[in-house]
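Take a look at the structure below.
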Amino acid sequence: MPSHETPSPKGLEVQRTFDRITGYYDRMNRIMTLGRHAAWCREVAAGAHLPPGGSLLDIATGTGVIALAVRDRHPDATVHAVDFSGRMLQEAARKPGAESVTWQYADANDLPFGDASFDAVTHGYLLRNVEDAERVLREQHRVLKPGGRVVILETCPPRGPLRYPVELGVRMMIPLLGQAVAGDRESYTYLKESTLGFMPPQQVAAVLRRAGFESVAWRKKFFGTNMIITARKPPA
Ligand SMILES: C[S@@+](CC[C@H](N)C(=O)[O-])C[C@H]1O[C@@H](n2cnc3c(N)ncnc32)[C@H](O)[C@@H]1O
């Protein structure tokens, strides 16, 4: 997979982490979300509200679960899926149905697409891995057509009465599962930290608005540890 530009030092670290965990990424996700991840990806695909024959860009596609859910829901859509982990892209491209998606190397900070190219943009678990979420969202705003939607799946720092038990569960279970399932405690320690340290939905909504989006809404999932956020680029 060609790599155009070298990511930033933090980007390189993230890229190496995901290259390393590719082989067991889907299995770990299924276990950590008790099988819910695939359903959330279908919900993201539905939330894109693609018009007939529309075009969608899935960023940080990883093993392609969201991109393939979009393809299943909208067989007539043009689906582009990008990531900066070559190994993740190779894994995605091997899955059933992958031949009708265009898989491409790209850094979410500098998307290789023209202005107003897509009817919708989706991403799962991208924002907590980037240094400047506003820059990345502005880039998505640029490639979206006026009136286009962005649909985001992210981890969510738990709040409310369940905060401390859920936090404790995340702190203990994720590195332990990483060790047991993948023999890789280090990568999943990073995942635990980026989950608990990520912005709550109100803050993501504020960044989305600063990046030019409107009509921001969100739903929390799985004891408040995950969320789906939708927003729209204002119509022309
Ligand atoms: C946790 S995985 C998510 C994969 C998929 N979206 C899902 O929901 O299962 C995060 C992905 O984001 C990619 N990623 C992180 N930062 C990125 C960036 N700046 N540009 C492109 N991809 C990035 C990683 O390589 C990894 O494949």
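Just so you know, ligand 1 is whichever comes first in the structure, and atom 1 is the first atom listed for that ligand. FYI, the numbering just counts along the sequence from 1.
- Residue, atom and distance of the protein heavy atom nearest to atom 25 (O) of ligand 1 are Asp83 OD1, 2.6 Å.
- Under 4.0 angstrom from ligand 1, the non-hydrogen atoms of Ala106 all belong to its backbone.
- At a 4.0 Å heavy-atom cut-off, ligand 1 touches His37 through the side chain alone.
- With a heavy-atom cut-off of 4.0 Å, Leu126 touches ligand 1 through its side chain alone.
- The protein non-hydrogen atom at the shortest distance from atom 9 (O) of ligand 1 is Tyr25 OH, 2.7 Å.
- Listed by number with element, the atoms of ligand 1 under 4.0 Å from a non-hydrogen atom of Gly62 are 4 (C), 27 (O).
- Of all atoms in ligand 1, numbered sequentially from 1 with element shown, those under 4.0 Å from a heavy atom of Tyr125 are 1 (C), 8 (O), 10 (C).
- In this structure, atom 19 (N) of ligand 1 lies nearest to the protein heavy atom Asp107 OD1, 3.1 Å.
- The one candidate from Asp83, Thr22, Asp26 that meets the side-chain hydrogen bond (donor to acceptor under 3.5 Å, both in side chains) condition with Thr63 is Asp26.
- Checking side-chain atoms of Lys220 against main-chain N and O of Met227 turns up no donor-acceptor pair under 3.5 Å.
- Residues Ile152 and Thr122 fail the side-chain proximity criterion, which asks for heavy atoms closer than 4.5 Å.
- Using modelled atom types and a 3.5 Å distance limit, the side chains of Glu154 and His123 yield no donor-acceptor pair.
- The nearest protein atom to atom 12 (O) of ligand 1, hydrogens excluded, is given as Ala60 CB, 3.1 Å; this is a heavy-atom distance.
- In the model, Tyr24 has no side-chain atom that pairs as donor or acceptor with a side-chain atom of Asn29 under 3.5 Å.
- For the pair Glu13 and Arg16, the salt-bridge criterion is not met [side-chain N within less than 4.0 Å of a carboxylate O].
- Note: no N/O pair closer than 3.5 Å links Ile66 and ligand 1 by distance alone.
- Atom CZ of residue Arg209 and atom CG of residue Leu137 lie 12.5 Å apart, to the nearest 0.5 angstrom.
- Residue Thr61 approaches ligand 1 through these ligand atoms, each under 4.0 Å from one of its heavy atoms: 4 (C), 5 (C), 6 (N).
- With 3.5 Å as the limit, one finds a donor-acceptor pair spanning the side chains of Ser85 and Asp19.
- Asp58 places no side-chain N or O within 3.5 Å of a backbone atom of Ile66 that could act as its donor or acceptor partner.
- Protein heavy atom at the shortest distance from atom 20 (N) of ligand 1 is Ala108 N, 2.8 Å.
- Heavy atoms of Val65 stay at 4.0 angstrom or farther from ligand 1.
- Within ligand 1, the atoms closer than 4.0 Å to a non-hydrogen atom of Met88 are 27 (O), numbered from 1 in the order shown.
- Interface atoms of ligand 1 facing Ser85, defined by a heavy-atom separation under 4.0 Å, are 25 (O).
- Arg149 places no side-chain N or O within 3.5 Å of a backbone atom of Leu50 that could act as its donor or acceptor partner.
- The aromatic rings of Phe118 and Phe113 sit perpendicular, their planes meeting at an angle over 60°, well past the 30° parallel limit.
- Nearest to atom 16 (N) of ligand 1 among the protein's heavy atoms is Phe84 CZ, 3.4 Å.
- Within ligand 1, the atoms closer than 4.0 Å to a non-hydrogen atom of Asn29 are 9 (O), numbered from 1 in the order shown.
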